[in-house]
Colleague: 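I am attaching a structure below and will ask some questions about it afterwards.
Protein chains get the first letters and strands the later ones, always in sequence-line order, with residue 1 at the start of each. On a predicted model such as this, the values are computed, not experimentally measured, just so you know.
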Amino acid sequence: MSEKKSFYITTPIYYPSAKLHIGHAYCTTIADAIARFKRLAGYDVFFLTGSDEHGQKIQRTAEKQNVTPIEYVDKIVAGFQELWQRLNISNDDFIRTSEERHQKVVQEFFRRIRDKGDIYKGEYTGLYCTHCESYWTELQLDENKCCPDCHRAIEKVSEEAYFFKMSKYGDKILKYIEENPKFIVPTSRRNEMIKFIKQGLEDLCVSRTSFDWGIPVPEDEKHVIYVWFDAVINYITPLFNDPERFKKFWPADIHLVGKEIVRFHSIIWPCMLMALDLPLPKQIYGHGWLIVEGDKMSKSKGNVVDPMHLIDEFGADAIRYFLLREITLGQDGGFSRDALINRINADLANDLGNLLHRSLNMIKKFQGGIVLKSVGENEIDKSFKNDAMNTVFEYKNLMENVQLSDAIKKVWTFISRANKYIDETMPWKLAKDESQKQILSNTLYNLAESLRIISILISPLMPKTGQKIFEQLNLENFEKSRLEDVLTFGKLPSDYKVNKAEQLFPRIEVEKQ
RNA sequence: CGCGGGGUGGAGCAGUCGGUAGCUCGUCGGGCUCAUAACCCGAAGGUCGCAAGUUCAAGUCUUGCCUCCGCAACCA
């Protein structure tokens, strides 16, 4: 048996200093849709998400609540996992940086790089606020050159720290980025990174002594390993202890990240991998942000959108659909309740839901719920089937290129086409004319078949909805569906009974102002 | 001279290698009655932020300006 092609995709590991908002859900939903599509296309997929649990901020928050850091993060992280479950995220593993399996790998990597001479002990000098126990950069200070948090005076402080010789790898990483145009996507981010490296890379401080909620530096335990050095290694942790798996899935195909952390993933992380003599990930994909009411989401602005509430109100698939359809991947996109409701009503209820409903209803009304065999075809059928197959083809190409929004639009163009097909064929007229019986059967068969195809095409974005359509069509084994199942028109069985039409998405009524 | 991204019909957006400006929603008119007051067809509506330049041809390339917004080495 030949080995299946493999595909490895990651999301960032989220920081449990607060509950997740819709922006996190956005990122994870994209990754999930890609992962599901790859599975549909026959790949062996590994999809990883997780939580980045260390650091001073967590330690301090836990202290404020009079709990230990691990008690604190356990609770928050349970919330992450619940959210992913409710959003139907199909991750294959969930990595927590506080786990032992991760600590071991981080320490191992630290040792290797140190032994190689690329980590050295030096002195970190920074602007320190004693009250907040926090370092700040020059640019972060407030207008009076004081701590941006508590506005007290800051002082210049030095502490012993380990540094990673990132400066050594500047030329190498620059060359790699220039030789691999698809390494950083979109191009705007790539340009940004190139400029950044050309300014010159500094060595990176990778340890701290001012707090202890972190992974100890091996053989020097008063230090803990700091931030990014710890975090990015998560992408390898689940593979590292299993050579087979490692061989199969590393390097990762896509690290999906927010645009603000592209730098860490496309510069720091690759430099670390170079120091370890490990292959670099194939692609860093920087997605945009969700803009809520014209503003970036943030706690201080009070416009944070809780994805859990949205799921309660509208259902996971509707949220998934909106995020994937409405926002062009790589760019910022607007999120609003009105826009969401608009999409649900127009695309999900009116176009898709109603197509299913009216089709099944006609099968019931005109043929007693039986999908009859299709024999022969006229010009209208032919053009319709042709459009179906073109849709599958274009969808496949776009999905392979990670152009999710465009791929979805193609499916909806076809949904529209199917609605139009009903208008063209007018089954209610055919039903009144005995001599048109076969044509009616053909028409209804084609509609049911197109719904089968649609349900599989949308399964990466809306797994539950695809499943529901399958059920109403009285088909089985939805989860075993493959892209191959929709590459030819006419795989739907015939002479069998479909189930009763149920509303997929009820319209959401809003009072007009 | 810190870096980057936007400004496109009423709203929200797309626009690859320069080649007749597209999509969704909304509005207006028509059609249909299988359906979730839904579906289908048609129409109106744009000096593509401003100015100059390159070109047979600029939303697209160059320069300058106006304006909004991010980043600036621990906020998806």
Colleague: Is the A:F164 ring parallel, tilted or perpendicular to the A:Y169 ring (thresholds 30°, 60°)?
Modeller: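 Taking A:Y169 first and then A:F164, their aromatic rings lie parallel (interplane angle under 30°).
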Colleague: Give A:P12 one of three labels, base, sugar-phosphate or nothing, depending on what nucleic acid heavy atoms sit under 4.0 Å from its own.
Modeller: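 Result for A:P12 = sugar-phosphate.
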Colleague: A:R358 side chain: which of B:A73, B:A76, B:C34 is closest?
Modeller: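 Selected nucleotide (nearest to the side chain): B:C34.
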Colleague: If I pick the C1' atom on B:G70 and the same atom on B:C25, what distance separates them, to the nearest angstrom?
Modeller: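 Going atom to atom, C1' in each nucleotide, I get 28 Å.
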Colleague: Ignoring hydrogens and angles, answer whether the base of B:C74 and the side-chain atoms of A:Y15 contain a donor-acceptor pair closer than 3.5 Å.
Modeller: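 Flag unset: no donor-acceptor pair detected.
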Colleague: Which one, B:C39, B:C34, B:A76, comes nearest to the side chain of A:F366?
Modeller: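 So the nucleotide nearest the side chain must be B:C34.
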Colleague: Between B:A14 and B:G46, how far apart are the C1' atoms? Round to whole Å, please.
Modeller: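 The answer is 15 Å between these two C1' atoms.
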Colleague: When the C1' atoms of B:G49 and B:C28 are considered, how many whole Å apart are they?
Modeller: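 So the two C1' atoms sit 30 Å from each other.
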Colleague: Would you mind reading off the distance between A:W228 atom CH2 and B:C75 atom C1', rounded to a whole angstrom?
Modeller: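 Going from A:W228 (CH2) to B:C75 (C1'), I get 10 Å.
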Colleague: Taking the P atom in each of B:A37 and B:G26, what is the distance between them to the nearest angstrom?
Modeller: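 These two P atoms come out 15 Å apart once rounded.
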Colleague: Quick one: does A:R320's side chain have a donor or acceptor within less than 3.5 Å of a partner on A:L461's backbone?
Modeller: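 Flag set: sc A:R320 to bb A:L461 pair under 3.5 Å.
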Colleague: What residues, two or more places apart in sequence or in another chain, satisfy side-chain hydrogen bond (donor to acceptor under 3.5 Å, both in side chains) together with A:H265?
Modeller: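 Per chain and number, A:H265 pairs via side-chain hydrogen bond (donor to acceptor under 3.5 Å, both in side chains) with A:Y235.
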Colleague: Taking only the side-chain heavy atoms of A:Y226 (C-beta and beyond), determine which of B:C74, B:A76, B:C34 contains the nearest atom.
Modeller: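 So the nucleotide nearest the side chain must be B:C74.
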Colleague: Are A:R190 and A:E178 close enough for a salt bridge, meaning some N to O gap below 4.0 Å?
Modeller: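 The answer is no: the pair does not qualify as a salt bridge.
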Colleague: In terms of the nearest nucleotide of RNA chain B, which residue is placed more toward the 5' end: A:H357 or A:Y14?
Modeller: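 Here A:H357 is the residue nearer the 5' end.
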Colleague: Which residues pass the side-chain hydrogen bond (donor to acceptor under 3.5 Å, both in side chains) test with A:T61, not counting sequence neighbours?
Modeller: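 A:T61 satisfies side-chain hydrogen bond (donor to acceptor under 3.5 Å, both in side chains) with no other residue.
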Colleague: Counting any heavy atom closer than 4.0 Å, what does A:G353 reach on the DNA or RNA strands: base, sugar-phosphate only, or nothing?
Modeller: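 Since a base atom lies under 4.0 Å of A:G353, the category is base.
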Colleague: Counting heavy atoms from C-beta on, name the nucleotide in B:C25, B:A73, B:C39 closest to the side chain of A:M166.
Modeller: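 Looking only at side-chain atoms, A:M166 lies closest to B:A73.
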Colleague: CG of A:L360 versus P of B:C39: gap in Å, rounded?
Modeller: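 Going from CG in A:L360 over to P in B:C39 covers 17 Å.
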Colleague: When you measure from the side chain of A:K429, which nucleotide among B:U33, B:C34, B:C41 comes out closest?
Modeller: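 Minimum distance to the A:K429 side chain belongs to B:U33.
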Colleague: What pairs with A:Q103 under side-chain hydrogen bond (donor to acceptor under 3.5 Å, both in side chains), at least two apart in sequence or on another chain?
Modeller: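 Not a single residue meets the side-chain hydrogen bond (donor to acceptor under 3.5 Å, both in side chains) criterion with A:Q103.
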Colleague: Among residues at least two apart in sequence or on other chains, which ones pass side-chain hydrogen bond (donor to acceptor under 3.5 Å, both in side chains) with A:Q367?
Modeller: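 Result, side-chain hydrogen bond (donor to acceptor under 3.5 Å, both in side chains) vs A:Q367: A:S441.
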Colleague: So A:N345, base contact, sugar-phosphate only, or nothing? Heavy-atom distance under 4.0 Å.
Modeller: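 The answer is nothing, as A:N345 stays clear of every strand by at least 4.0 Å.
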Colleague: Side-chain N or O of A:N361 versus OP1/OP2 of B:C34: is the shortest distance under 4.0 Å?
Modeller: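 False: A:N361 side-chain N/O out of range (4.0 Å or more) of B:C34 OP1/OP2.
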Colleague: Touch check for A:A349, heavy atoms < 4.0 angstrom, all strands: base, sugar-phosphate only, or nothing?
Modeller: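 Base contact.
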Colleague: Heavy-atom nearest nucleotide on RNA chain B for A:R417 versus A:L355: which residue maps closer to 5'?
Modeller: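 It is A:L355, whose closest nucleotide lies nearer the 5' terminus.
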Colleague: Flag yes if more than 12 heavy atoms outside A:Y120 fall under 6.0 Å of its OH atom; otherwise flag no.
Modeller: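 Counting neighbours around OH of A:Y120, more than 12 heavy atoms of other residues, nucleotides or ligands fall under 6.0 Å, so yes.
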Colleague: Report the nucleotide, chosen from B:C39, B:A73, B:U24, that has the shortest atom-to-atom distance to any side-chain atom of A:R325.
Modeller: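 Looking only at heavy atoms from C-beta outward on A:R325, the closest nucleotide is B:U24.
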Colleague: Which nucleotide in the list B:C34, B:A73, B:C74 gets nearest to the side chain of A:D423?
Modeller: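 Within the option list, the nearest is B:C34.
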Colleague: Hey, is the side chain of A:W412 poking within less than 4.0 Å of OP1 or OP2 on B:U24, counting only N and O atoms?
Modeller: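 No, A:W412 has no side-chain N/O under 4.0 Å of OP1/OP2 on B:U24.
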Colleague: Side chain of A:L504 only, heavy atoms from C-beta on: which candidate in B:G70, B:C75, B:U36 is closest?
Modeller: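 For A:L504, the side-chain atoms sit closest to B:U36.
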Colleague: Take atom P in B:G5 and the same atom in B:U16, then report the distance between them in whole Å.
Modeller: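 One P to the other, the span is 15 Å.
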Colleague: What's the CG-C1' distance between A:D32 and B:A76, to the nearest Å?
Modeller: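 One finds 16 Å between C1' of B:A76 and CG of A:D32, rounded.
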Colleague: Look at all strands and tell whether A:I268 reaches a base, only sugar-phosphate, or nothing, counting heavy atoms closer than 4.0 Å.
Modeller: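 No contact.
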Colleague: How far, in whole Å, is B:G22 from B:G64 if one measures between their P atoms?
Modeller: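 Result for the P pair: 32 Å, nearest Å.
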Colleague: Between A:H287 and A:Y26, is a ring pair (Phe, Tyr, Trp, His ring centres under 6.0 Å) present by the stated rule, with each step listed?
Modeller: CA-CA 9 Å; A:H287 66 74; A:Y26 171 57; 5.3 Å; yes
Colleague: Is any side-chain N or O of A:S17 closer than 4.0 Å to OP1 or OP2 of B:C75?
Modeller: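 Result: no.
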Colleague: Could you work out the separation of B:G10 and B:A73 based on their P atoms and round it to a whole Å?
Modeller: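 Taking atom P in both B:G10 and B:A73, they lie 41 Å apart.
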Colleague: In whole Å, I'd like the distance from the CZ atom of A:R507 to the P atom of B:A37.
Modeller: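 These atoms are roughly 7 Å apart.
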Colleague: Using a heavy-atom cut-off of 4.0 Å across all strands, would you classify A:T28 as base, sugar-phosphate, or nothing?
Modeller: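 If one applies the 4.0 Å heavy-atom cut-off, A:T28 turns out to touch nothing in the nucleic acid.
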Colleague: I'd like to know whether A:F384 forms a ring pair (Phe, Tyr, Trp, His ring centres under 6.0 Å) with A:F414, so could you lay out the CA-CA distance, the side-chain angles of the two residues, the decisive distance to 0.1 Å, and finally the verdict.
Modeller: CA-CA 9 Å; A:F384 178 62; A:F414 178 66; 5.4 Å; yes
Colleague: Tell me, for nucleotides 3-14 of chain B in 5' to 3' order, what letter each nucleotide earns: B for a base near a protein heavy atom under 4.0 Å, S for only sugar-phosphate near one, - for neither?
Modeller: SSS--------S
Colleague: In this structure, how many angstroms lie between the C1' atom of B:C25 and the CG atom of A:D347, rounded?
Modeller: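 Result: 10 Å.
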Colleague: Between A:D32 and A:S90, does any side-chain donor sit less than 3.5 Å from a side-chain acceptor?
Modeller: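 Yes, A:S90 and A:D32 have a side-chain donor paired with an acceptor closer than 3.5 Å.
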Colleague: Which whole-number value in Å describes the distance from A:L323 CG to B:A76 P?
Modeller: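 These atoms are roughly 17 Å apart.
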Colleague: Looking at A:F322, does the NZ or CZ of A:R343 lie under 6.0 angstrom from its six-membered ring centre and within 45 degrees of the ring axis?
Modeller: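 No, cation not above the ring by the 6.0 Å, 45° rule.
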Colleague: Tell me the interatomic distance from A:K364, atom NZ, to B:U36, atom P, rounded to whole angstroms.
Modeller: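 The distance from NZ of A:K364 to P of B:U36 comes to 11 Å, rounded to the nearest Å.
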Colleague: When the C1' atoms of B:A57 and B:C61 are compared, how many Å lie between them, rounded to an integer?
Modeller: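 About 13 Å, rounded to a whole number of Å.
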Colleague: Can you run through RNA chain B from 5' to 3' and write each base as (, ), [, ], | or . depending on how it pairs? Watson-Crick or G-U wobble, both distances under 3.5 Å.
Modeller: .((((((..((((.....[..)))).(((((.......))))).....(((((..]....))))))))))).....
Colleague: Which part of the nucleic acid, if any, lies within reach of A:E424 when heavy atoms closer than 4.0 Å are counted: base, sugar-phosphate only, or nothing?
Modeller: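 No contact.
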Colleague: Relative to the ring of A:W228, is the ring of A:F264 parallel (under 30°), tilted (30 to 60°) or perpendicular (over 60°)?
Modeller: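 The arrangement is parallel - the two ring planes meet at less than 30°.
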Colleague: Taking atom C1' of B:C34 as reference, at what distance in whole Å does atom CD of A:Q367 sit?
Modeller: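 Taking CD of A:Q367 and C1' of B:C34, I get 13 Å after rounding.
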Colleague: Among B:G70, B:C39, B:C41, find the nucleotide with the atom closest to the side chain of A:D351.
Modeller: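 Of B:G70, B:C39, B:C41, B:C39 is nearest to the side chain of A:D351.
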